[in-house]
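Take a look at the structure below.
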Amino acid sequence: MSPEENKPTDFIREAVAEDLKSGRYTYVRTRLPPEPNGYLHIGHVKAFMIDYLIAKENNGELILRFDDTNPTKEETEFVEAIEDDARWLGIEWVKVTYASDYFNELYEWAKKLVLMGKAYVDDQTPEEVSKNRGTLTEPGVNSPYRDRDVEENMDLLERMKNGEFPDGSRILRAKIDMAHPNINMRDPAMYRIIHNPPHHRTGDTWKIYPMYDWSHGQNDSMEGITHSLCSLEYENHRPLYEWFLDQLGVFKPRQIEFSRLNMNYTVMSKRKLRRLVEENRVNGWDDPRMPTLRGMRRRGYTAEAILDFIRRVGVAKNYSVSDVALLEECVRDDLNKRALRRMAVIRPLKVVIDNYPDDLAEEMDAINNPEDPSAGTRKVPFSKVIYIEQDDFREVPPPKYHRLFPGNEVRLRYAYFIRCTDVVKDANGNVIEIHATYDPATRGGDAQDGRKVKSTIHWVSAKHAKEVEVRMYDRLFNKENPEEGEEGFLNCLNPNSLEILSGYVEPALASPTVGSRYQFERLGYFCVDPDSLPEKPVFNQTVNLKDTWAKMEKKGK
RNA sequence: UGGGGCAUGGUGCAAUGGCAGCACACCAGCCUUUGGAGCUGUGGAUCUUGGUUCGAAUCCAGGUGCCCCAGCCA
């Protein structure tokens, strides 16, 4: 496929191309406008990639601008975390700016509107403002302060700025139309008074702070942004976005809206994610079950896989809920190509090979990645006592079960054929040990007489094994849409979303690097958690391998 | 009962008046020293009614359904 054919197209890219062609703009500049009030999640990635790629594809620029207009919610910690996550994704920007960089200039622009008679200071209480806004079907009524003269408005605004009035006592409002069918146009607030807490960057310099509507478009204009791309809920704000710019007579970017990313089996709202963390339903914002970038990073997802998912989801205006199965498929697809294969047994069952010499240990050759010959090979030690997966043995095999059962022969990957000869049980009847014999003529995995076995299973030599902790993850919620209903999401938490196991890994995995990713053969992809200790590494399950047998067995029931 | 927006297989996205296609999921088979990967194939969709047109997912009109908006949040 040529790069040309591979290039995604959608209504936004088409609009941008048209704007360039028509001469409406001669260049492309977009902006990434996160509010530094929380950690980034997978939903943000879609918006980020739209802004980044559209700039990049048009040889344009991206500005990372923090929308820090509300000091009661924002913190420097989040600025740093967001930058770090965005960089991890591979996003590049020409500079970092802040809405707060423009507070002075914006204030001058506000005075200009006051002078034009397009803005006024309103002394109504918040309750009165709300009451007089009207409803969806009834027009609002004008504030009694709406017709204050310019001089008084200028004076009051200056005194608001100087901190002479308490929070909530006054606001600056645009003078538009209290009967407008679009409620955003009913004299929207431009500035509100906030004395505390201090702003994370400007400290207590300012006592008034601009609202989103008054700040965003103006900042876009000041920065020469050509395309201000945002999610659908801002569609209703576009008339206001344009009104301010028209009144000021300044450079006018184009706002285009798209639908945000939703995903099943998780929640995306900041409020709900916060509750999960604060009520200890998960272990922090970087819990591998969280849809946050920090969670997914810890889980072992690669940036490439996440970006591929975003690309496959596409861009449109339909309300949509993406399937987490697609994300997982993208992760498998990426890791399949790059992850080294290793043998690990996560639910061990001991097997004693009775006819194998007691003290012998052989080195078996194993392929590191069948998808990538350059990854080479390694040696794996083999001996008389090994561990295999509990799932790989059944005392009474179900139909089509090809793995180990009494009398059956299977291949130990990269080693020998073994045949199960005996089963040892504890007092409760649980199988605790298997006895088997091996065929010395099958070393390496092939029988000289040409006989075949139907199954190949993985194993770890008990004598050479390293004990590790393995954290198995399942979906955080057991309902496709946990967000429906306000309080319901906590009631559909999956109680089994985390399972901690103790397993064994081959020596090649005895001292793994934190963050490195492996495929545990036949089990899935795993990555090394920061909680790892030299004496006990910790692995997170990133995603399982497709399991045809599990599916068959489930279906048979 | 105001304004804005959106309706295409189970899910997400294409088709820009001319054979409804792609990916994931699903199902069947091939292959396999991972029941992985890979390969082949099957099934399944244009919200509804009417109109324009040789021809409509696309244009027009009505209907229905869903989403957003009444923060001094973004």
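We name chains A, B, ... by the order of the sequence lines, and we start the count at 1 in each one.
Residue A:Pro239 is out of contact with every strand shown, counting any heavy-atom pair closer than 4.0 Å. In this structure, A:Val315 reaches the sugar-phosphate backbone alone: every heavy-atom distance under 4.0 Å involves primed, P, OP1 or OP2 atoms, never a base. At a threshold of 4.0 angstrom between heavy atoms, the contacts of A:Thr69 are confined to the sugar-phosphate backbone, with no base atom among them. At the heavy-atom level, A:Arg312 lies under 4.0 Å from the strands shown only through sugar-phosphate atoms. Within the nucleic acid shown, A:Thr137 comes within 4.0 Å of at least one base atom, counting heavy atoms only. No engagement by A:Glu480 is indicated, since no non-hydrogen atom pair under 4.0 Å with the nucleic acid exists. Among the heavy atoms of the strands lying under 4.0 Å from A:Tyr234 is at least one base atom, whether or not backbone atoms are also near. Among the atoms of the strands shown, base atoms are found under 4.0 Å from some heavy atom of A:Lys400. Nucleic acid contact class of A:Arg186 (heavy atoms, under 4.0 Å, all strands): none. Counting any heavy atom pair closer than 4.0 Å across all strands shown, A:Tyr401 reaches a base atom. Contacts of A:His237 with the nucleic acid, taken as non-hydrogen atoms under 4.0 Å apart, include base atoms.
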**Request:** Go through the steps for A:Phe393 and A:Arg403 under the test side-chain contact (heavy atoms from CB on, under 4.5 Å), then give the verdict.
**Result:** CA-CA 6 Å; A:Phe393 174 80; A:Arg403 280 115 93 149; over 6 Å; no
**Request:** Walk me through it: do A:Phe244 and A:Met190 pass the test side-chain contact (heavy atoms from CB on, under 4.5 Å)?
**Result:** CA-CA 10 Å; A:Phe244 280 130; A:Met190 294 168 62; 3.9 Å; yes
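For A:Leu136, counting side-chain heavy atoms from C-beta on, the closest listed nucleotide (B:A70, B:C27, B:G35) is B:A70. The side chain of A:Asn336 approaches B:A37 more closely than any other nucleotide in the set B:U34, B:A37, B:G2. When each of B:U11, B:U34, B:C73 is scored by its nearest atom to the side-chain atoms of A:Arg341, the top-ranked nucleotide is B:U34.
Dashed line: the shortest gap from a side-chain N or O of A:Asn318 to OP1 or OP2 of B:C6 is not under 4.0 Å. Of the side-chain N and O atoms in A:Arg238, none sit less than 4.0 angstrom from OP1 or OP2 of B:G4. For A:Arg260, no side-chain nitrogen or oxygen approaches OP1 or OP2 of B:G12 to under 4.0 Å. For the pair A:Lys546 and B:A25, the criterion of a side-chain N or O lying under 4.0 Å from OP1 or OP2 is met. For the OP1/OP2 pair of B:U32 and a distance below 4.0 Å, the side-chain nitrogens and oxygens of A:Thr456 include no atom meeting the criterion.
Sequence order on RNA chain B of the closest nucleotides to A:Phe11 and A:Ser322 puts A:Ser322 first from the 5' end. The residue among A:Gly134 and A:Asp446 whose nearest nucleotide of RNA chain B lies closer to the 5′ end is A:Asp446.
When both distances must be under 3.5 Å, the Watson-Crick or G-U wobble mate of B:A23 is B:U11. Checking B:U53 for Watson-Crick or G-U wobble geometry (two distances, each under 3.5 Å) identifies no partner in any strand.
The P atoms of B:C68 and B:A28 are separated by 40 Å, rounded to the nearest whole Å. Annotation: B:U8 and B:G55 have their P atoms spaced 26 Å apart (nearest Å). Between the C1' atoms of B:G71 and B:C6, the separation comes to 26 Å (whole Å). Going from the C1' atom of B:U49 to that of B:U11 covers 28 Å, rounded to whole Å. B:C59 and B:C24: their C1' atoms are spaced 33 Å apart (whole Å). With C1' as the reference atom, B:U58 and B:G51 are 15 Å apart, rounded to whole Å. The C1' atoms of B:G21 and B:G44 are separated by 14 Å, rounded to the nearest whole Å. Between B:C30 and B:C66, the two P atoms lie 47 Å apart (nearest whole Å).
Note that CZ of A:Phe258 is 6.0 Å distant from CD1 of A:Ile12, once rounded to the nearest 0.5 Å.
One N or O donor and one acceptor, one from the side chain of A:Glu371 and one from the base of B:G36, sit under 3.5 Å apart. Between the side chain of A:Arg332 and the base of B:G36, no donor-acceptor pair under 3.5 Å is found. Put simply, the side chain of A:Tyr319 and the base of B:A7 share no donor and acceptor less than 3.5 Å apart. Residue-to-nucleotide contacts include no donor-acceptor pair under 3.5 Å from the side chain of A:Asn236 to the base of B:G5.
A stacked arrangement is not assigned to A:His180 and the six-membered base ring of B:G3, the conditions of a centre distance below 5.5 Å and an interplanar angle below 30° not being jointly met. Stacking of the aromatic ring of A:Tyr212 onto the base of B:A74 is not found under the criterion of centres within 5.5 Å and planes under 30°.
B:G63 adopts an anti glycosidic conformation, its chi angle falling more than 90° from 0.
Looking only at distances, no side-chain donor or acceptor of A:Gln519 sits under 3.5 Å from a matching main-chain atom of A:Leu335. A:His402 places no side-chain N or O within 3.5 Å of a backbone atom of A:Ser455 that could act as its donor or acceptor partner.
The closest side-chain donor-acceptor pair between A:Glu74 and A:Tyr98, if any, does not fall under 3.5 angstrom.
By the 6.0 Å and 45° rule, A:Arg475 stacks over the aromatic ring of A:Tyr265.
Here the shortest heavy-atom pairing between A:Ala99 and A:Arg65 reads N-CG, 4.0 Å.
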